[in-house]
There are 2 protein chains.
Amino acid sequence: MDTIVTPSAPTVTTGPLPASRKVYATPDAAPDLRVPLREIELSSPLEPPVRVYDTTGPYTDTDVAIDVRKGLAQTRRAWVLERGGVEEYAGRAIQPIDNGNVKDSVLRPFPQAQQPLRGIDGKPITQFEWARAGVITKEMIYVAARENLGRKQVLDGAEARLADGESFGAALPAFITPEFVRQEIAAGRAIIPANINHSELEPMIIGRNFLVKINANIGNSAVSSSMEEEVEKMVWAIRWGADTVMDLSTGRNIHDTREWIVRNAPVPIGTVPIYQALEKVGGDPTKLSWEVFRDTLIEQAEQGVDYFTIHAGVRLAHVPLTASRVTGIVSRGGSMMAQWCLTEHRESFLYEHFGDICDIMRKYDVSFSLGDGLRPGCNADANDAAQFAELETLGELTRVAWDKGCQVMIEGPGHVPMHKIKANMDKQLRECGEAPFYTLGPLVTDIAPGYDHITSGIGAAMIGWFGTAMLCYVTPKEHLGLPDRDDVKVGVITYKIAAHAADLAKGHPAARLRDDALSRARFDFRWRDQFNLSLDPATAEKFHDETMPKEAHKTA
Amino acid sequence: MDTIVTPSAPTVTTGPLPASRKVYATPDAAPDLRVPLREIELSSPLEPPVRVYDTTGPYTDTDVAIDVRKGLAQTRRAWVLERGGVEEYAGRAIQPIDNGNVKDSVLRPFPQAQQPLRGIDGKPITQFEWARAGVITKEMIYVAARENLGRKQVLDGAEARLADGESFGAALPAFITPEFVRQEIAAGRAIIPANINHSELEPMIIGRNFLVKINANIGNSAVSSSMEEEVEKMVWAIRWGADTVMDLSTGRNIHDTREWIVRNAPVPIGTVPIYQALEKVGGDPTKLSWEVFRDTLIEQAEQGVDYFTIHAGVRLAHVPLTASRVTGIVSRGGSMMAQWCLTEHRESFLYEHFGDICDIMRKYDVSFSLGDGLRPGCNADANDAAQFAELETLGELTRVAWDKGCQVMIEGPGHVPMHKIKANMDKQLRECGEAPFYTLGPLVTDIAPGYDHITSGIGAAMIGWFGTAMLCYVTPKEHLGLPDRDDVKVGVITYKIAAHAADLAKGHPAARLRDDALSRARFDFRWRDQFNLSLDPATAEKFHDETMPKEAHKTA
């Protein structure tokens, strides 16, 4: 069984997955690093333990005491300080508006305050700048070891598996070296979302020559839950495999909620700053301004948010292109900016101040996630003039951001029928200079609300195969309501399936090891091993037990 | 809400889906036919009702009284008799072994007995033979109207939608005429599984130039449920969209169970006759013989089974090709035949008597579903020598069956990573002369037991797009246990998503109408219409209500 220890404090899920233990690899290039992996022990003496990529952070390490009021260990701060080019400073004072002007008694500031870091002008700060300067950072060494699952050399048969795959022009290597990571980042083909103020981070890489990653969205509800519950949503999502988490919270205590999440997050945290900016102007998009937005960027950058969705591609001239659509503009950020542009009748402040935005994000190494505010909201609107015009603008902005020294990925749709998916990937690679693509689904039909994790999982597997670097999950509640705990789990596992299927099809040299180990367990009727190797051991065991509950049926 | 009326007798689910009513089209070529459709009424005066393909049979027609002890109306018997070439005869006497030698008190024979029909030598019997003879049957007229959703002429924009799609060499017409159906059947590219003894059937067509279809497997449990419960499994599967149902029952009362199912089935019923033959020889595959098998074929053909899975492609020389596999032979029928071949050290009686099998199946117009007994049981074994050698043999057998006048489809895998799926489709088309492909999934990764409806739904959508004519569903319980009612529903809906996504991608001229209607409802916040247009209205509404339960939230 899946042993979940949930003590009264901390109120987050801890403890290892079944038959699993946390192990740490120590890269030769930086033996002080401890790169986490999960090792699944098998019952057959003929079967070595299976190592799998581990997103779960210290929460599954039995040797780590978790206290969400203290946050995770700030291991990474030393790496940032030792390579220099940064300074501690007082930081922006937290204002009542940051938390929706709630009464002091309702505020829940994170107990441990610290001074933020920012880059010093004229020195490299971002992973992109270090990579371009020829410097291999600890983050790069870390992700290389992580992608190799701790292996120190090329896996037997790696070349054959690569040759057997189809990667559509990607160039997965048989073995990931730190130098390869540096080159990919310098080329803009990969990013390590890693704000210098997110010291709790276990770095990960997003790029099409690496394992396909997945993101889970969380957000606090209007009826505010406790901060521990907000942290638990993140912990729960990474337990099942989310590589990054976007905090889409709105409403009150938004600043404090984010602080609690970042301080307890071993994965990169993404946000959509315009959501908080909108809160600050009372919910009226036409009242948004560069000043409010700028201030919000700095506020969130100081907290350690690793990537920002910025909808700077919604240009005034694009808006009329959506007039004949079936579902208009469905992106929340996109519709806010479109409304602003139409009201002001000029280009959005995001587009006009894009260089300024870059300067702020560079100073903290916040990565861009250039938002697709004009993504199609139904199959009928897929690949239309509005969507592709925005994508071309995102390509233009990618080059601006690179020139400014920033890391960049590009968001993609949405709702797209199967035969139009590849055109999205091909155009994105062409327009955006191979910057990583980060897509929502896409959903391949509109007729299955309640099952949109599946309609989108189909599209996600395909676009992941074609080259998308990170897949944003969709839960069964998409279009209908707020996901609960079970929905988050189903969404994450569906997307792990999609990402893994993509890795297999690309010919990733090690992806099939887990499939093969599970298939051998299946052939041998080693049920217990089959459960333990699966993405969701507890559910597999439960389903099995409904028909054959006896323990003897699990090992025979 | 989904109004399900479940009276004490009959114990099957009846009543229409929400906002839906059964309508019947009457084709000009045969105005006596009543071709069922479902019409979904919408709340906006600007929106016409949406007609959708309807697999649910009379169970959702409020004008039909259902009594499972009487079976459905035998409308089709007159069509068969009027075109001639058949005779009534006494039929094979039911033997105790047919029902596993259970005591008389346990037998549950279907209350209404009838004399079976069989073809008279020298006359056309099968749809294939009629088609080749240039005759358009009522079944062909019926399916043409059904595929057109009752439309009498080409839909506006049909040509543009076809041009916008990608069908990989399929040739979907803008409008389906009875003559087109005849041509496709004559060419072997499509089948209408329609045993002359299945008089309750609402004919449907399987071929890559038609809507993609799905099959659901059902089977009685060892702990025998009542006959009404067995019928309900079929009724439940077709309620959610199963186009055909395979009865994979084993154990006692197997003959009677099948009789109850066929007499109450408006959809084609498929079986794997070797399963019952194995029961008759006490479960030992080496005791199987042509005589027992032959007798079982006649028994089931007289009952009205519409298609038989026949594993005649497992040849003696293929078996050693599986020796180095990770999961050997996973098909139940395939492993039985392999064991038989190895024990006898000769070709299987299925292969040696294939001509005789054709002669029997032709006489009742039972379609072949040529089984892939050597399908891969894991990604590692996909597209290997054993699998493809069998597929080549299936191509050889297809031509034999066609020469004998039979309708044929071909079963396909199984477990296949995404990049190897298309090779399956292409080889099947080439080897089997474009006979319809009928695939299980394929599952695109092995690591998600408990979620194999999703791992397989991804592969199913893709291979459906590439040209597979019918997709065999997989439930969440695959590899783990027996599916319950909820599992069957989730499996069917997942496969409706896959099939519909394939239709959309192929550019089917009418497929997108439902997506567009639902998307307009979404854009207008017509929640009630959104639920009613979805594949599972009750679930969509339930999910919505967890966040926004008020009625006002559904219409605003």
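Throughout, a chain's letter reflects where its sequence line sits, starting with A, and its residues are numbered from 1. For clarity, every value in this text was computed on a predicted model and none was experimentally measured.
- When each of Leu533(A), Asn379(A), Asp164(A) is scored by its heavy-atom pairs under 4.5 Å with chain B, the top score falls to Asp164(A).
- Both the backbone and the side chain of Arg520(B) come within contact range of chain A, judged by heavy atoms closer than 4.5 Å.
- Ranked by non-hydrogen atom pairs under 4.5 Å with chain A, the options Asp516(B), Thr539(B), Ile493(B) are led by Ile493(B).
- The aromatic rings of Phe531(B) and Trp527(B) sit tilted relative to each other, their planes meeting at an angle between 30° and 60°.
- Of the residues listed (Arg375(A), Lys420(A), Arg325(A)), the one engaging Asp384(A) in a salt bridge (Lys or Arg N to Asp or Glu O under 4.0 Å) is Arg325(A), and it is the only one.
- For the residue pair Tyr495(A) / Ser456(A), a side-chain donor-acceptor distance below 3.5 Å is found, with atom types taken as modelled.
- Only the side chain of His453(B) comes within contact range of chain A, with heavy atoms under 4.5 Å apart.
- Contact of Glu546(B) with chain A is made through the side chain alone, with heavy-atom distances under 4.5 Å.
- Interface remark: of the candidates Val444(B), Asp484(B), Ile454(B), Ile454(B) forms the most heavy-atom pairs closer than 4.5 Å to chain A.
- When heavy atoms are compared at a cutoff of 4.5 Å, Asp452(B) approaches chain A solely by way of its side chain, counted from C-beta outward.
- Evaluation of the salt bridge (charged side-chain N to carboxylate O under 4.0 Å, His left out) rule for Glu478(A) yields no partner, not counting sequence neighbours.
- Both the backbone and the side chain of Ile447(B) come within contact range of chain A, with heavy atoms under 4.5 Å apart.
- Ion pairing between Lys489(A) and Asp536(A) holds under the 4.0 Å rule for side-chain N and carboxylate O.
- For the options Lys542(B), His479(B), His415(B), Arg512(B), heavy-atom pairs under 4.5 Å to chain A are most numerous at His479(B).
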Exercise for review: Could you give me the CA-CA distance, side-chain angles and deciding distance for Ile214(B) and Val492(B), then say whether side chain to side chain contact (heavy atoms under 4.5 Å, CB included) is met?
Suggested key: CA-CA 8 Å; Ile214(B) 67 169; Val492(B) 169; 3.9 Å; yes

Acceptor/donor pairs from residues 496-504 of chain B side chains to any protein atom, 3.5 angstrom cut, sequence neighbours excluded:
unit_1: His500(B); atom_1: NE2; unit_2: Asp515(B); atom_2: OD1; d: 2.6
unit_1: Asp503(B); atom_1: OD1; unit_2: Val212(B); atom_2: N; d: 3.0

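- With respect to chain B, the highest number of heavy-atom pairs below 4.5 Å among Val330(A), Ile421(A), Thr455(A), Asp381(A) belongs to Thr455(A).
- Looking only at heavy-atom pairs under 4.5 Å with chain A, the residue among Ala380(B), Gly481(B), Pro417(B), Cys378(B) that has the most is Ala380(B).
- Top candidate by heavy-atom pairs under 4.5 Å with chain B, chosen from Asp487(A), Val490(A), Ile458(A), is Ile458(A).
- Both the backbone and the side chain of Arg514(B) come within less than 4.5 Å of a heavy atom of chain A.
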